[in-house]
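Computed over heavy atoms, backbone and side chain alike; hydrogens, waters and symmetry mates excluded.
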Amino acid sequence: MQKRWALKQNPDINEVKRISAELGIDEVLAAMLLQRGIQTFEEARFFFRPDMRHLHDPFLMKGMEQAIERIEKAMQAGENILIYGDYDVDGTTAVTVVYSFFKKRYSRIEYYIPDRYLEGYGISTQGIDYAAKNNFTLIIALDCGIKAVDKVAYANELGVDFIICDHHTPGNELPEAVAVLDPKRNDCDYPYKELSGCGIGFKLIQAYAQKNDISFDEVTNYLDLVATSIACDIVHVTGENRTLASFGLQKINSNPGTGIKVLMDIAGKTSNYSISDVVFMIGPRINAAGRIDNARHSVELLLSEDMEAAKAKGMLISEKNLERKGHDLAITDEALSMIAADAVMTGRKSTVVFNERWHKGVIGIVASRLTEKYYRPTIVLTRSNGHVAGSARSVVGFDLYEALCGCSDLLLQFGGHKYAAGLTMKPEQVEAFTARFEEVVAATITEQQLIQEIQIDAELKLEQITSKFFRVLTQFGPFGPENMCPVFISRNVSVYGNVSLVGSNHIKMCIHQSGSPLFDCIAFNQGECIEEIRKGKPFDICYTIEENIWREKRSIQLNIKGIRC
């Protein structure tokens, strides 16, 4: 699919020169700081040198005082406390953090992960019944619950209190819980709105530690899990999240918890993890347990302190991940064939596919793959517990959650973010929902949003890529949403030596510009360009700059995202 190259607007040249002089850095790097809203020396120091002192006071979050008071009351009275969390990476890491922290100082505590297939997403009636039957009088819900108005009311009738710790967008009505911690509440003045679900759990234990004179070092011991949640839940890597992710990656790379270390060993990469590495190497394995079996396996692994027990649990999860891959690839192929064979579906602005036999655990991954292929808002539906369950993914700039709001009368429930959501409906509504969703998308999406875009930060001459330039560039990380790895464009570059096709469809080559050093390049999935490149004419590239480590030798490599001959 042809992608549009979009060069970001250059900031005011006088401001660029000022920042460049103040910081002693290349003007291209100074311009990129201004693009990210960094305008002063102090802001740049905070950006390049994140500090734990920059974390916000957890008690600025509305409901935090009530939450801590209720937890203290429960512990003093000997009540049973249930830590309840969603079955994805964000939910399981959140449960691990909060359960592990409180278990060290209170014994009457358990955790509960709903079954994806029997209970579905979020707070379930079965979970509340389990709590009531086993005399749990307080449930701390993590990464879910913000829309569970009816479920929390039901729990209240049974004498079970709730503390909700969620980061999803609230509905018009909040649950009648003891405390609802969610920075996205309209009445919450917490300074940072984009925490992950595990991040909210982290703020909860930070608040408890702060009030009870517990060392902050004990709280930061969980930052490898917090960073994993930030990476895998695709939340913004800005502000407080960037600080948490920075120190969390340091812990992953220097002293990870036993469970994370086992997953790193299984992935075959034991150091130099980036946010992207966490997303592709650690995240899918944690997720696999909940997709194929039960997410309790993931929590048990992440809680484990015994290396042998953790290895055994890690191998079980790895097997589930292989099983997940099999389902994923088979369903993706089936869905692609379904779309290709239907001219009406191919011509739409949205994709909705349904097969009642598809494995519910992988429909979110399949939705992502279909979005990559056709680049339009996509929903994959399957049968689950008498209803139809769906997973939705969007394209850059299009608010999927708002689109689902326009179909809410056809849904039993839905929830999520701008770019990803989950939903359920009655089977008889599938046809009407498919038509309505297409109607809403077609009326609101722009033609530009339907063409995948490569956002380019700046134009570079290859001779500007020095070791100092690269050293400063790496400090722009960790990279993620709202702080993506910078992409550059260089024009009229030429090949030096051989151009080779590696793997199934990747190009390896060495390039230069007039007067520049030589740079090794890799261009993934762009084999169709090889014949044009071999003609020897100059061409333009857009790319990221990375470090390649081969047999302990380090070199700068260009990772080419687009080629124009």
Side-chain angles (χ1 to χ4, degrees), residues 56-75 79 81-86 88 90-91 93-95 97-99 101-102 111-112 114 121-125 127-128 131-132 136-208 210-211 226 229 233 235 240-241 401 405 413-417 421-422:
H56 302 301
D57 181 348
F59 286 101
L60 293 175
M61 196 176 296
K62 189 171 182 68
M64 188 64 80
E65 286 185 21
Q66 293 90 329
I68 298 303
E69 285 172 9
R70 182 64 185 90
I71 292 169
E72 288 174 338
K73 178 187 171 188
M75 292 166 74
E79 296 179 54
I81 302 175
L82 190 63
I83 310 298
Y84 186 113
D86 190 25
D88 67 359
D90 197 12
T93 53
V95 167
V97 167
V98 175
Y99 173 82
F101 176 83
F102 284 112
Y111 63 87
Y112 185 99
Y121 167 78
I123 310 297
S124 70
T125 303
I128 294 168
F136 288 95
T137 49
L138 176 61
I139 296 176
I140 301 175
L142 298 156
D143 190 35
C144 59
I146 195 63
K147 285 189 162 186
V149 175
D150 294 342
K151 298 292 195 305
V152 172
Y154 173 64
N156 289 339
E157 290 173 10
L158 298 178
V160 179
D161 285 345
F162 259 94
I163 293 171
I164 304 287
C165 303
D166 204 350
H167 70 127
H168 296 98
T169 305
N172 294 327
E173 184 183 355
L174 293 177
E176 288 289 334
V178 171
V180 177
L181 308 180
D182 187 337
K184 291 191 175 82
R185 288 177 60 164
N186 291 330
D187 58 351
C188 180
D189 294 328
Y190 191 73
Y192 189 71
K193 304 294 185 184
E194 303 301 331
L195 291 168
S196 64
C198 184
I200 307 286
F202 177 84
K203 301 308 291 189
L204 182 74
I205 68 168
Q206 182 190 357
Y208 185 90
Q210 195 170 300
K211 188 175 177 186
V226 178
S229 80
D233 218 55
V235 293
E240 191 165 34
N241 274 349
Y401 184 84
C405 287
Q413 66 179 62
F414 69 98
H417 309 287

side-chain hydrogen bond (donor to acceptor under 3.5 Å, both in side chains) partners of Tyr190, counting only residues at least two apart = Lys203, Glu240

message = Testing the basics here: between Ile81 and Ala74, what is the closest heavy-atom pair and its distance to 0.1 Å?
response = CD1-CB, 3.9 Å

ask   = Do you know which two heavy atoms are closest between Ile123 and Cys144, and how far apart they sit?
value = CD1-SG, 3.9 Å

query = Could you give the distance from CG (Leu204) to CE (Met64), rounded to the nearest 0.5 Å?
reply = 5.5 Å

ask   = In Å, rounded to the nearest 0.5 Å, how long is the span from CD of Gln66 to NZ of Lys73?
value = 13.0 Å

Could you pull out all donor-acceptor pairs under 3.5 Å where a side-chain atom in residues 174-184 meets a protein atom, sequence neighbours excluded?
from   : atom 1 : to     : atom 2 : distance (Å)
Asp182 : OD1    : Lys184 : N      : 2.9
Lys184 : NZ     : His167 : O      : 2.8

inquiry  = Quick one, Tyr121 and Asp86 - any side-chain contact, counting heavy atoms below 4.5 Å?
reply    = yes

query = Between atom CD1 of Ile140 and atom CD1 of Ile163, what is the distance when rounded to the nearest 0.5 Å?
reply = 5.0 Å

note = Residues passing the side-chain hydrogen bond (donor to acceptor under 3.5 Å, both in side chains) test with Asp57, sequence neighbours excluded, are Gln210

task = Name all pairs fulfilling the salt bridge (charged side-chain N to carboxylate O under 4.0 Å, His left out) condition that reach into residues 144-167, sequence neighbours left out, sorted by first residue then second.
result = Arg70-Asp161

ask   = How far apart are the C-alpha atoms of Leu138 and Ile71, what are their side-chain angles, what is the distance that settles it, and do they pass the side chain to side chain contact (heavy atoms under 4.5 Å, CB included) test?
value = CA-CA 8 Å; Leu138 176 61; Ile71 292 169; 4.3 Å; yes

query = Any idea which heavy atoms bring Cys198 and Ala94 closest together, and the distance?
reply = CA-CB, 3.6 Å

task = Kindly write out the residues that satisfy ring pair (Phe, Tyr, Trp, His ring centres under 6.0 Å) with Tyr84, not counting sequence neighbours, or none if the list is empty.
result = Tyr112

key: ring pair (Phe, Tyr, Trp, His ring centres under 6.0 Å) involving Phe102 - partner list, sequence neighbours excluded   = Tyr208

task = Decide yes or no for Leu142 and Ile200: does some side-chain heavy atom of the first lie under 4.5 Å from some side-chain heavy atom of the second?
result = no

note = One should read off an interatomic distance between Thr137 OG1 and Glu79 CD, to the nearest 0.5 angstrom, of 3.5 Å

query = Are Ile68 and Phe59 side-chain neighbours, meaning at least one heavy-atom pair lies under 4.5 Å?
reply = yes

ask   = Can you tell me how far OH of Tyr154 sits from OG of Ser124, rounded to the nearest 0.5 angstrom?
value = 10.0 Å

ask   = Between Val152 and Ile164, is any pair of side-chain heavy atoms under 4.5 Å apart?
value = yes

request  = Please report the shortest heavy-atom distance between Asp90 and Ser229, naming the atom on each side.
outcome  = OD1-CB, 3.4 Å

task = For Asp187, enumerate each residue passing the side-chain hydrogen bond (donor to acceptor under 3.5 Å, both in side chains) test, keeping only those at least two apart in sequence or located in another chain.
result = Arg185

inquiry  = The criterion is side-chain hydrogen bond (donor to acceptor under 3.5 Å, both in side chains); which residues satisfy it with Thr93, sequence neighbours excluded?
reply    = none

inquiry  = Tyr99: which residues meet the ring pair (Phe, Tyr, Trp, His ring centres under 6.0 Å) condition with it, sequence neighbours left out?
reply    = Tyr111

task = Locate the shortest heavy-atom distance separating Ala132 from Leu158; write the atom from each residue and the value.
result = CB-CD1, 4.0 Å

message = If I take atom CD1 from residue Ile83 and atom CZ from residue Phe136, how far apart are they, to the nearest 0.5 angstrom?
response = 9.5 Å

key: Close side-chain approach of Leu195 to Asn241, heavy-atom, < 4.5 Å   = yes

task = Can you sort out the partners of Glu72 under salt bridge (charged side-chain N to carboxylate O under 4.0 Å, His left out), two or more places apart, ordered by chain and number?
result = Lys211

